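Quick notes on the structure that follows.
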Amino acid sequence: MENKITEILYDPTIGKLVTLFIGIAVIWIVIKFIQKKLFTKIDNVDNRYKAKKFGSFLGYIITIIL
C-alpha cells in the first residue's frame, strides 16, 4: 500500500499537476491579498474599481504564464 502511494506521488505527471495547482493557489492568494490591503486605500470609487480589475487581469496573465 505504501509503495503504491509513493509510486503515485513520484509520478512526473502528478508532480506537474500538483505544482500547477499550488502555483495557481499562491498566485490568487497574493492577488486577493493585494486587492484587500492596497486597493481599499484608494479613495476614488472609479479608480478602485479599475485597480481591482487590473489586479484580476494581472492574476490571469500570470496564471497563463505559469
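Throughout, numbering of the chain's residues begins at 1 and tracks the sequence. None of these values were measured; they are calculated from a predicted model.
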Taking only distance into account, with no hydrogens and no angle test, what donor-acceptor pairs under 3.5 Å do side-chain atoms of residues 13-23 form with protein atoms, sequence neighbours excluded?
residue : atom : partner : partner atom : Å
Thr19   : OG1  : Gly15   : O            : 2.8

Flag yes if Phe54 and Tyr49 sit in one hydrophobic cluster, no otherwise; membership is Ile, Leu, Val, Met, Phe, Trp, Tyr, and two members link when side-chain heavy atoms are under 4.5 Å apart. no

Scan the side chains in residues 57-66 for donor-acceptor partners under 3.5 Å anywhere in the protein, sequence neighbours excluded, and list what turns up.
residue : atom : partner : partner atom : Å
Thr63   : OG1  : Trp28   : NE1          : 3.3
Thr63   : OG1  : Gly59   : O            : 2.7

What pairs of donor and acceptor atoms, side-chain ones from residues 35-42 against any protein atom, are under 3.5 angstrom apart with sequence neighbours left out?
residue : atom : partner : partner atom : Å
Gln35   : NE2  : Lys52   : O            : 3.0
Gln35   : NE2  : Ser56   : OG           : 3.2
Thr40   : OG1  : Lys36   : O            : 2.9

What residues, two or more places apart in sequence or in another chain, satisfy side chain to side chain contact (heavy atoms under 4.5 Å, CB included) together with Asp43?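 Asp43: no side chain to side chain contact (heavy atoms under 4.5 Å, CB included) contacts found.
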
